[in-house]
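Hydrogens, waters and symmetry mates are skipped; everything else that's a heavy atom, side chains included, is used.
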Amino acid sequence: MKKTIYSLLVIFSLTLCVFFITESYAKYLTSTEGNAKMNVARWKIIVNNEDIKNNSSLTTQITPTFLGNDNIAENVIAPTSEGYFDLIIDATEADVSFKYNIDIEVDENSSVQDLKISKFVIDEEEIIPTDNTYSIERQVLHRDNTQIINIRVYIYWDDSESASMDNTMDTQATIDNNALLNVNLNFTQLV
């Protein structure tokens, strides 16, 4: 009989232990939910004071500077004129690495078809184009993107023996008065 009472007491005690253990775990079991808010990387690139994010083209014209000489006035183009224009890229607030490509060509409607690029100067690094390829491509890593990129493009009106325009065409270009270059800038995020 003692064994039976002892056995019942053990079973009862185990049942109470299981009940209390289950209850104590139940007090600490719960669930919750929330939202993870993340900042999306900025794609903020400014070219000549215009944000490229919403613009497919610059609304302000790129105006070249021509220094002039004894035979040619300042800020006009004539055969043998030399000048430059600047592209100022501020991507210091971009949160990703990217590459940029600048491609320049004479517009098909330009009255001056003999416009040439003599060199690019990117933050004091001189790049001489070869084979009349007026294109440059550079990568900008986010970790190195701490300053504004200054690109100066040097142009001239080729009047050499190899120029495609003769004196009659040069004269007509002054009447038509529309020397045009297409300057295409493309920016692509690096992955």
Side-chain angles (χ1 to χ4, degrees), residues 38-160 162-164 178-191:
M38 295 163 264
N39 291 328
V40 177
R42 291 176 297 175
W43 182 246
K44 186 168 183 176
I45 300 173
I46 309 292
V47 177
N48 291 5
N49 296 318
E50 290 193 41
D51 192 339
I52 65 158
K53 183 172 37 176
N54 299 320
N55 296 328
S56 61
S57 63
L58 296 175
T59 57
T60 58
Q61 250 183 348
I62 299 170
T63 306
T65 299
F66 291 94
L67 301 176
N69 58 36
D70 291 340
N71 301 313
I72 302 170
E74 274 187 18
N75 293 320
V76 296
I77 188 166
T80 71
S81 290
E82 296 182 29
Y84 63 88
F85 62 88
D86 293 323
L87 298 171
I88 301 167
I89 301 171
D90 181 356
T92 56
E93 292 186 45
D95 291 331
V96 294
S97 298
F98 64 92
K99 71 177 177 182
Y100 65 87
N101 178 280
I102 299 170
D103 186 37
I104 303 171
E105 62 187 10
V106 177
D107 188 283
E108 64 183 35
N109 296 319
S110 177
S111 59
V112 180
Q113 289 296 311
D114 285 332
L115 294 173
K116 306 288 183 188
I117 307 296
S118 60
K119 64 183 172 182
F120 297 93
V121 177
I122 304 172
D123 294 329
E124 300 181 19
E125 173 195 355
E126 190 171 297
I127 300 163
I128 307 294
T130 57
D131 302 323
N132 292 329
T133 302
Y134 306 134
S135 181
I136 55 172
E137 182 175 287
R138 294 286 184 268
Q139 291 186 358
V140 178
L141 299 179
H142 177 257
R143 69 173 182 256
D144 301 330
N145 189 19
T146 58
Q147 63 185 18
I148 293 172
I149 302 164
N150 292 294
I151 302 170
R152 181 161 280 182
V153 181
Y154 288 86
I155 58 177
Y156 67 98
W157 182 336
D158 183 14
D159 195 37
S160 68
S162 63
S164 64
N178 75 346
L180 302 170
L181 286 176
N182 293 328
V183 181
N184 297 306
L185 292 92
N186 293 303
F187 296 89
T188 308
Q189 178 186 342
L190 296 176
V191 283

Trainee: At their closest point, which heavy atom of I136 faces which heavy atom of I127, and how far apart are they?
Mentor: CG2-CG2, 4.4 Å
Trainee: With rounding to the nearest 0.5 angstrom, report the NE2 to CG distance, H142 to D95.
Mentor: 5.0 Å
Trainee: Do the side chains of E125 and R138 get close enough for a salt bridge, i.e. N-O under 4.0 angstrom?
Mentor: yes
Trainee: Looking only at non-hydrogen atoms, find the nearest pair between S118 and P129 and report the distance.
Mentor: O-CD, 3.3 Å
Trainee: Walk me through whether S164 and D114 qualify under side-chain hydrogen bond (donor to acceptor under 3.5 Å, both in side chains).
Mentor: CA-CA 6 Å; S164 64; D114 285 332; 2.6 Å; yes
Trainee: Would you check if I104 and V153 make a side-chain contact, meaning some heavy-atom pair closer than 4.5 Å?
Mentor: yes
Trainee: Which heavy atom of V76 sits nearest a heavy atom of A73, and at what distance?
Mentor: CG2-O, 3.3 Å
Trainee: Indicate yes or no for a side-chain donor-acceptor contact from E124 to the backbone of V121 under 3.5 Å, with no hydrogens or angles considered.
Mentor: no
Trainee: To the nearest 0.5 Å, what is the distance between CD1 (I46) and CD1 (I148)?
Mentor: 10.0 Å
Trainee: For the CG atom on D144, are there more than 12 heavy atoms of other groups (residues, nucleotides or ligands in this structure) within a distance under 6.0 Å?
Mentor: yes
Trainee: Nearest 0.5 Å, please: how far is CZ in F120 from CD in E126?
Mentor: 12.0 Å
Trainee: If I take atom CG from residue D86 and atom OH from residue Y84, how far apart are they, to the nearest 0.5 angstrom?
Mentor: 6.0 Å
Trainee: Checking Q189 against V96 for the side-chain contact (heavy atoms from CB on, under 4.5 Å) test, could you report, in this order, the C-alpha distance in whole Å, the side-chain angles of both residues, the deciding distance, and whether it holds?
Mentor: CA-CA 7 Å; Q189 178 186 342; V96 294; 3.8 Å; yes
Trainee: So N101 and L185, do their side chains get closer than 4.5 Å, heavy atoms only?
Mentor: no
Trainee: What I'd like to find out is whether the side chain of V140 reaches to under 4.5 Å of the side chain of K99, using heavy atoms alone.
Mentor: no
Trainee: State, yes or no, whether a side-chain contact exists between L115 and I155 at a heavy-atom distance under 4.5 Å.
Mentor: no
Trainee: Check whether any side-chain N or O of D107 sits under 3.5 Å from a backbone N or O of L180 as a donor-acceptor pair, and report yes or no.
Mentor: no
Trainee: Mind checking the CD-CG spacing from E137 to N186? Nearest 0.5 Å is all I need.
Mentor: 9.5 Å
Trainee: For F187 and Y100, take the angle between the two ring planes, folded into 0 to 90°, and tell me which bin it lands in: parallel under 30, tilted 30 to 60, perpendicular over 60.
Mentor: tilted
Trainee: Under the criterion side-chain contact (heavy atoms from CB on, under 4.5 Å), I'd like the reasoning laid out for I102 against L87: C-alpha separation, chi angles, the key distance, then a yes or no.
Mentor: CA-CA 10 Å; I102 299 170; L87 298 171; 3.9 Å; yes
Trainee: Measure the CG-CD distance between N150 and Q147 for me, rounded to the nearest 0.5 Å.
Mentor: 8.5 Å
Trainee: Evaluate side-chain contact (heavy atoms from CB on, under 4.5 Å) for L181 paired with F85, printing each intermediate quantity in order.
Mentor: CA-CA 11 Å; L181 286 176; F85 62 88; 4.1 Å; yes
Trainee: Counting N and O atoms only, with roles assigned by atom type, does the side chain of S97 sit under 3.5 Å from a partner on the main chain of L141, one being a donor and the other an acceptor?
Mentor: no
Trainee: Go through the steps for K116 and Y134 under the test side-chain contact (heavy atoms from CB on, under 4.5 Å), then give the verdict.
Mentor: CA-CA 8 Å; K116 306 288 183 188; Y134 306 134; 3.2 Å; yes
Trainee: Checking the side chain of D90 only, and the main-chain atoms of T92 only, is there a donor and an acceptor separated by less than 3.5 Å?
Mentor: yes
Trainee: Short question: side chain of N48, backbone of I88 - any donor-acceptor pair under 3.5 Å?
Mentor: yes
Trainee: Taking the six-membered ring of Y154 as reference, does the NZ or CZ atom of K119 fall below 6.0 Å from its centre and within a 45° cone about the axis?
Mentor: yes
Trainee: Tell me the closest heavy-atom pair linking L67 and E74, and the distance in Å.
Mentor: O-CG, 3.0 Å
Trainee: Just by distance, no angles: are the side chains of N178 and S111 close enough, under 3.5 Å, to form a donor-acceptor pair?
Mentor: yes
Trainee: Give the minimum heavy-atom separation between E82 and Y156, together with the two atoms involved.
Mentor: CG-CB, 3.8 Å
Trainee: Within the 4.5 Å heavy-atom criterion, are V40 and M38 side-chain neighbours or not?
Mentor: no
Trainee: Without swapping roles, check the side chain of E93 against the backbone of W43 for a donor-acceptor pair under 3.5 Å.
Mentor: no
Trainee: Is there a donor-acceptor pair under 3.5 Å between the side chain of D103 and the backbone N or O of S135?
Mentor: no
Trainee: How far apart are the closest heavy atoms of W157 and P79, and which atoms are they?
Mentor: CE3-N, 3.4 Å
